[in-house]
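One structure is given below, encoded as structure tokens.
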2 protein chains.
Amino acid sequence: MTVDDRPEPGTVRRRASGRPRPRAFEEVLARIEGWIAADGLTVGDRLPGERQLAEQLQVSRSSVREALRVLETLGVVSSQVGRGPDAGAVLTSRPGGALTGLLRLNLGLATLSMREVIDTRLMIEQWAAGHAARSRTGLDEMARALAAMDDPSGPEEFVEHDIAFHVAIVEASGNRLTSAIMRALRDSVQRFAIDAVVRLGDTRDLQADHRRIYAAIRDGDAATAVSAVAVHLARAYPPD
Amino acid sequence: MTVDDRPEPGTVRRRASGRPRPRAFEEVLARIEGWIAADGLTVGDRLPGERQLAEQLQVSRSSVREALRVLETLGVVSSQVGRGPDAGAVLTSRPGGALTGLLRLNLGLATLSMREVIDTRLMIEQWAAGHAARSRTGLDEMARALAAMDDPSGPEEFVEHDIAFHVAIVEASGNRLTSAIMRALRDSVQRFAIDAVVRLGDTRDLQADHRRIYAAIRDGDAATAVSAVAVHLARAYPPD
DNA sequence: AGACCAAATATGGTCAGACCATACATCGAA
DNA sequence: TTCGATGTATGGTCTGACCATATTTGGTCT
């Protein structure tokens, strides 16, 4: 930079105040989020194409794409190539993927411990078991998983249906947020759960636990359901 | 496409099998995640520069950037411009931002209802209050928030310290996952909470609730703490 | 009229290369 | 030794091109 190019005093230090200059893709994010809030866009609606968005918002297509990548990561849009009514960026709502990735990466970085994940799962399942006992819903799904666990081909299949049973309890609560969190926890715990089953060797105690939980929910006995869940998870994942 | 360009039968239908061709940035993601898992990268470690990554992985810089954008969204990397030891993409761990955005956008898309968010918050706080009563930690922070709520300048400030009180309870559980979720819920609920306080008009009942919760935790009375939390949230956010 | 097939086209996915703004590193002059 | 100009590596952005895919379009043959 030569002396002549130097900006005059006074014109420098723009935005010396607090927050940094927003990046282009962040502006795009804000705009799209604004459309969702103001125009009431909902799941199924389509966004303009990447090229059109770039022109509308006066940014490059790269910046538009980075913004869309963020939205895709958050499970809010899904992009389809090709042509036609289904092509382009469509608004969706799948918080699950984001939660799963979040847990997986943070477990990898050792920022979260498996203990914390298990404890959180216990919290959700106890809460959900109480709800399920009061509403007595989802019993069919639970029974199906129970039956499937009776004759597993191996630890993998047992855990698969075991997880289905536990997820069914949470789904019965009717709360999509806790369900999404539970599914994310499930994905993070699966590998760990198989090891735990192999270590135990015998699944009969676990199945007896499941049947106690199921019976309590069926009978509308919330307190028993909650404590049965606690007993079960303490057996499957003993503290320390 | 002319007839001559047409691929010969048999060479067509590559990857007709199940999953689609991974996008370039997904390969990058997988590689970086592999490094984290295999090489034991942890918070504070730096990734190679974008240009170097692009060359190493044989993709364009755009694809590298999209992958980094995903990781940034998940709260796993943070990029700094400039030069020096702090510049470049650094591994971090802030699941909070991702969770917050996730909730905000899904609330905007009306996929999640405020009721579900409130119920989830109730679940976490009851659980955390029980833990806090058993461990009797975080009392100082709670007391500070309590005192600050006694003489608020307005609903905004009251809610600010109210939230600090509730977050302190969850932090006392020592579980970083539930804490992260709670903080994300807080950000989503803040606006809603201010409206609720304005509607109530009087914060004395709320403060009395807080003091009951605090006393129960201080005295190690888990059952009372749990029920006091339920009473409080039912008052602040009455069901229907 | 209908069925079928080839071309046109709109979409996201990728790439290469350039330039800018920023912030540290380096080195020379006072 | 100190301070300031210059160098340089970094992320951020833009442009323009090409590819792969899937629908739409329109013509041709039956």
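Numbers restart at 1 for each chain; the letters A, B, ... are given by sequence-line order, proteins then strands.
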Original post:
Starting at CG of B:L53 and ending at P of D:dA9, how long is that distance when rounded to a whole Å?
Top reply: 17 Å
**OP:** Walk me through it: do A:R144 and A:E141 pass the test salt bridge (charged side-chain N to carboxylate O under 4.0 Å, His left out)?
**Re:** CA-CA 5 Å; A:R144 240 190 314 277; A:E141 190 63 36; 2.9 Å; yes
Original post:
Short question: side chain of B:R46, backbone of B:P85 - any donor-acceptor pair under 3.5 Å?
Top reply: yes
Polar pairs (N or O, both sides) under 3.5 Å between protein and nucleotides 13-17 of chain C?
{"residue": "C:dG13", "atom": "OP1", "partner": "B:R23", "partner atom": "NH1", "Å": "2.8"}
{"residue": "C:dG13", "atom": "OP2", "partner": "A:R65", "partner atom": "NH1", "Å": "3.0"}
{"residue": "C:dG13", "atom": "OP2", "partner": "A:R69", "partner atom": "NH2", "Å": "3.4"}
{"residue": "C:dG13", "atom": "N7", "partner": "A:R61", "partner atom": "NH2", "Å": "2.7"}
{"residue": "C:dG13", "atom": "O6", "partner": "A:R61", "partner atom": "NH1", "Å": "3.0"}
{"residue": "C:dT14", "atom": "OP1", "partner": "B:A24", "partner atom": "N", "Å": "2.1"}
{"residue": "C:dC15", "atom": "OP2", "partner": "B:S60", "partner atom": "N", "Å": "3.0"}
{"residue": "C:dC15", "atom": "OP2", "partner": "B:S60", "partner atom": "OG", "Å": "3.3"}
{"residue": "C:dC15", "atom": "OP2", "partner": "B:S63", "partner atom": "OG", "Å": "2.9"}

Subject >> Whole-Å distance separating the CD atom of A:Q80 from the P atom of D:dA22 >> reply: 9 Å
Subject >> Donor-acceptor pair (no angle test) under 3.5 Å: A:R83 side chain, C:dT9 base >> reply: yes
Subject >> Interatomic spacing from CZ in B:R121 to CD1 in B:I181 - rounded to 0.5 Å >> reply: 14.0 Å
**OP:** Ignoring hydrogens and angles, tell me if any N or O in the side chain of B:Q190 forms a donor-acceptor pair with the backbone of B:D187 under 3.5 Å.
**Re:** no
Subject >> salt bridge (charged side-chain N to carboxylate O under 4.0 Å, His left out) assessment of A:E72 paired with B:R23 >> reply: CA-CA 13 Å; A:E72 182 182 312; B:R23 292 175 285 187; 2.5 Å; yes
**OP:** Rounded off to whole Å, could you give me the CG-to-P distance for the A:L29 and D:dT13 pair?
**Re:** 11 Å
Original post:
Just by distance, do the side chain of A:H161 and the backbone of A:E157 share a donor-acceptor pair under 3.5 Å?
Top reply: yes
Subject >> Interatomic distance, B:D86 CG vs D:dA9 C1' [rounded to whole Å] >> reply: 14 Å
Original post:
Hey, does A:G82 reach any base, or is it just sugar-phosphate, or nothing, if we go heavy atoms under 4.0 Å?
Top reply: base
Original post:
Rounded to the nearest Å, what distance is computed from the CG atom of residue A:L57 to the P atom of nucleotide D:dC14?
Top reply: 11 Å
